[in-house]
Amino acid sequence: MSYAKEREQNIARNKALLDGLGIAPLKPKIEPKENLRKKVAAKKRKSPSPESDELEEPPKKASRLADDSNEPGRARRSSRLAGKTVDYKQEQDRGVPELITIKRVQKVKVGQLKSKRTYDPHRYGHIPDVEVGTWWATREDCSTASVHAPWVSGIAPGPNGAYSIALSGGYDDDVDDGYAFTFTGSGGRDLKGTKTAPKNLRTAPQSSDQTFEDRNNAALQKSVDTQKPVRVIRGFKGKARSKYAPSEGYRYDGLYLVKKAWIAKGLNKGGFLVCKFAFVRMPGQEAIPVNDGGDDE
C-alpha cells in the first residue's frame, strides 16, 4: 500500500475515533479568529540537554590582574600602579577586608525573557496567573511560564500522568480537531541521528517500535487511568494541517483529558509500531481561535 493511501486510511480511522468521543457539544457555534502577530525571528541557543527545562548560563571567569614586571624578586603589582612610586610604609593597615557575597545572575539578551519561574511546572491543572489563550514566541518562554517545562520534548511526564504536552506538527496521520486530537508518543528513533545529520536527533527516521515502557508514553497511558488534566500548548508548525494551530509562536489552549491509549502501525518505512493517544478538551474553557491558513481536513 502506498504511503498516501495508508495515510488517508489512518486519518479516517482517527477522525472516526474522535467523533465517537462526543466532542460536538464542546465546539462553539461561532469560532473566534486569532489575533495575527508578527513573525518571530529564530533564536540561537544552546541548552544543557534536549530534555532540560533549565535555562542556566554559567558566569564568566574573572580575568587576572596584569603584572607590570617579570623581574625576579619583585612584587607583582596591578597595572593601574604602573609608572607610579608607592611608599608602602605610609600604607595603613585596614585589617581583614569583609567578605563580599557575589550573586550569580544570568545575562539576558535584548528581547529574551529571564529564566525565572514563579511557579513549579510539576503540577497538574492550570498554572496560576496564566490564562487560556496566552501566547509566547518560543518554547523557552513556555518553559519559563511553567506551562510546558521541556524545551524540546513534546511530553512532560509526572508520577500520576503527564503534566503537559506540546502539540506542534506531529505525525502525518494525526488529526487535530481543536477540541479533540490524536497524538503520537515518543521513542523509536536513534538519538545518535544519521550519517548525514548526526545532530538532528528529533527528526531521525523511526528505527524501532515505540512502547509504553518509555517514560513519556507511560505517563500518558497513566493519564488515561488517573484522568489528571494535561496542559496543552499548540505550536505554529501544526498550522499546515489544522486551523486551530497558531500562525506564529505557541499558545496555551487549556486542559485536556487523555481518553484512550493504543498501539498501531506507524507511517514509516519499517512499519514500526507507535503509541497513540486520544485527547478531549475539558468543558468550560475559552474558545480556541482559528487561523486563516490551516487545512481543516
Side-chain angles (χ1 to χ4, degrees), residues 10 13-23 25-26 50-51 53 119-128 130 132 134 139 142-143 145-171 173-189 202 209-235 238 242 244-245 250-264 266 273-286 288:
N10 287 357
R13 189 181 302 113
N14 289 335
K15 279 189 173 183
L17 187 151
L18 295 181
D19 291 339
L21 296 176
I23 64 172
L26 295 174
E51 304 294 334
D53 59 359
Y119 300 101
D120 186 356
H122 303 122
R123 60 189 295 166
Y124 296 99
H126 294 299
I127 298 298
V130 180
V132 174
T134 301
R139 284 280 296 271
C142 298
S143 178
S146 300
V147 173
H148 183 65
W151 285 13
V152 178
S153 176
I155 305 169
N160 296 310
Y163 297 116
S164 59
I165 68 162
L167 191 60
S168 188
Y171 283 60
D173 58 348
D174 277 326
V175 175
D176 180 10
D177 201 15
Y179 297 82
F181 59 86
T182 58
F183 183 81
T184 302
S186 66
R189 301 180 189 273
R202 294 294 160 183
D209 292 336
Q210 291 184 0
T211 70
F212 288 124
E213 294 180 1
D214 177 278
R215 66 189 297 259
N216 291 332
N217 299 334
L220 286 176
Q221 186 183 40
K222 186 77 171 179
S223 296
V224 178
D225 299 328
T226 64
Q227 288 296 282
K228 289 285 188 181
V230 180
R231 294 186 298 274
V232 172
I233 61 170
R234 275 186 173 84
S242 174
Y244 295 99
Y250 300 85
R251 186 186 64 231
Y252 176 45
D253 280 348
L255 302 178
Y256 288 70
L257 298 177
V258 187
K259 290 297 186 178
K260 184 177 180 180
W262 72 100
I263 291 181
L273 301 177
V274 294
C275 295
K276 305 287 287 188
F277 306 91
F279 285 72
V280 175
R281 197 171 193 246
M282 297 182 70
Q285 303 181 87
E286 293 291 330
I288 305 172

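In this text the structure is predicted, and so the values were computed from the model without any measurement.
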Undergrad: Compare all side-chain heavy atoms of Leu17 with those of Lys276 and state whether any distance is below 4.5 angstrom.
TA: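 Side-chain contact under 4.5 Å: no.
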Undergrad: Listed by chain and number, what are the side-chain hydrogen bond (donor to acceptor under 3.5 Å, both in side chains) partners of Asp214, not counting sequence neighbours?
TA: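 For Asp214, the residues satisfying side-chain hydrogen bond (donor to acceptor under 3.5 Å, both in side chains) (neighbours in sequence not counted) are Ser186.
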Undergrad: How long is the span from the NZ atom in Lys260 to the CG atom in Leu220, to the nearest 0.5 Å?
TA: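 Rounded to the nearest 0.5 Å, the NZ-CG separation comes to 15.5 Å.
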Undergrad: Testing the basics here: between Ser223 and Ala162, what is the closest heavy-atom pair and its distance to 0.1 Å?
TA: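 Heavy atoms of Ser223 and Ala162 come nearest at OG-N, 2.9 Å.
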Undergrad: For Ala145, what residues pass the side chain to side chain contact (heavy atoms under 4.5 Å, CB included) criterion, not counting sequence neighbours?
TA: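 Once residues adjacent in sequence are excluded, the partners of Ala145 under the side chain to side chain contact (heavy atoms under 4.5 Å, CB included) criterion are Trp136, Val147.
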Undergrad: Check whether any side-chain heavy atom of Asp209 lies under 4.5 Å from a side-chain heavy atom of Ile263, and answer yes or no.
TA: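 Heavy-atom side-chain distance check fails, nothing below 4.5 Å.
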Undergrad: What's the verdict on side-chain contact (heavy atoms from CB on, under 4.5 Å) for His126 and Val132, showing C-alpha distance, side-chain angles and the deciding distance?
TA: CA-CA 9 Å; His126 294 299; Val132 174; 3.7 Å; yes
Undergrad: On the 0 to 90° scale, with breaks at 30° and 60°, tag the Phe212-Phe277 ring pair as parallel, tilted or perpendicular.
TA: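 Phe212 vs Phe277 ring planes: perpendicular.
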Undergrad: Do you know which two heavy atoms are closest between Tyr250 and Cys142, and how far apart they sit?
TA: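 Where Tyr250 meets Cys142 most closely, the heavy atoms are CB-SG, 3.7 Å.
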Undergrad: Is Arg139 reaching over with its side chain to a backbone N or O of His148, donor-acceptor style, under 3.5 angstrom?
TA: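 Not confirmed, Arg139 side chain does not pair with His148 backbone.
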Undergrad: For this output row, return yes or no: ring centroids of Tyr256 and Phe181 closer than 6.0 angstrom.
TA: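 When the ring centroids of Tyr256 and Phe181 are compared, they turn out to be within the sub-6.0 Å range.
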Undergrad: At their closest point, which heavy atom of Ala245 faces which heavy atom of Gly238, and how far apart are they?
TA: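 Where Ala245 meets Gly238 most closely, the heavy atoms are CB-C, 3.5 Å.
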Undergrad: Between Lys15 and Asp177, is there a side-chain heavy-atom distance shorter than 4.5 Å?
TA: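 Counting from C-beta outward, Asp177 and Lys15 never come under 4.5 Å.
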Undergrad: Applying side chain to side chain contact (heavy atoms under 4.5 Å, CB included), name anything that partners Val280, two or more places apart in sequence or on another chain.
TA: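 Scan of Val280 (side chain to side chain contact (heavy atoms under 4.5 Å, CB included), adjacent residues dropped) gives Leu21, Ile23, Leu26, Ala180, Lys259.
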Undergrad: Just by distance, do the side chain of Tyr179 and the backbone of Ile288 share a donor-acceptor pair under 3.5 Å?
TA: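 Yes, Tyr179 side chain to Ile288 backbone: donor-acceptor pair under 3.5 Å.
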Undergrad: Verify, without hydrogens or angle tests, whether Ser242 (side chain) and Asp176 (backbone) share a donor-acceptor contact under 3.5 angstrom.
TA: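 Yes, the answer is positive, given that a donor and an acceptor are paired below the 3.5 Å cut-off.
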Undergrad: Would you say Ser146's side chain and Tyr119's backbone share a donor-acceptor pair under 3.5 angstrom?
TA: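 Yes, the answer is positive, given that a donor and an acceptor are paired below the 3.5 Å cut-off.
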Undergrad: Do any N or O atoms from the side chain of Asp253 and from the backbone of Val232 form a donor-acceptor pair under 3.5 angstrom?
TA: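 Answer holds: no.
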Undergrad: Is the side chain of Thr226 donor-acceptor paired with the backbone N or O of Gly161 at a distance under 3.5 Å, no angle test?
TA: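 Between the backbone of Gly161 and the side chain of Thr226 there is no qualifying donor-acceptor contact (under 3.5 Å).
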Undergrad: In the structure I gave you, are the side-chain heavy atoms of Pro229 and Arg231 within less than 4.5 Å of one another anywhere?
TA: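 Not in contact.
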Undergrad: Please test Asn217 against Ile155 for side-chain contact (heavy atoms from CB on, under 4.5 Å), starting from the C-alpha separation and ending with a verdict.
TA: CA-CA 8 Å; Asn217 299 334; Ile155 305 169; 4.3 Å; yes
Undergrad: Sub-3.5 Å donor-acceptor pair from the side chain of Gln221 to the main-chain atoms of Ala261, do we have one?
TA: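 Not confirmed, Gln221 side chain does not pair with Ala261 backbone.
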Undergrad: Might you point out which heavy atoms bring Asn160 and Lys228 nearest each other, and give the distance in Å?
TA: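 The pair with the smallest heavy-atom distance is O-CG, 3.4 Å.
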Undergrad: Check whether any side-chain N or O of Thr134 sits under 3.5 Å from a backbone N or O of Tyr252 as a donor-acceptor pair, and report yes or no.
TA: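 No, Thr134 side chain to Tyr252 backbone: no donor-acceptor pair under 3.5 Å.
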Undergrad: Closest heavy-atom contact between Ser143 and Ala149?
TA: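 Distance-wise, the nearest heavy atoms are OG-O, 2.7 Å.
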Undergrad: Can you find a pair of side-chain heavy atoms, one from Tyr163 and one from Asp120, that are under 4.5 Å apart?
TA: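 They are not in contact (no side-chain heavy atoms under 4.5 Å apart), so the answer is no.
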Undergrad: Quick check on Gln227: does its CD atom have over 12 non-hydrogen neighbours (other residues, nucleotides or ligands) under 6.0 Å away?
TA: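 Check passes, neighbour count above 12.
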Undergrad: Taking the side chain as every heavy atom from C-beta outward, state whether Phe183 and Val230 have any atom pair closer than 4.5 Å.
TA: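 Heavy-atom side-chain distance check fails, nothing below 4.5 Å.
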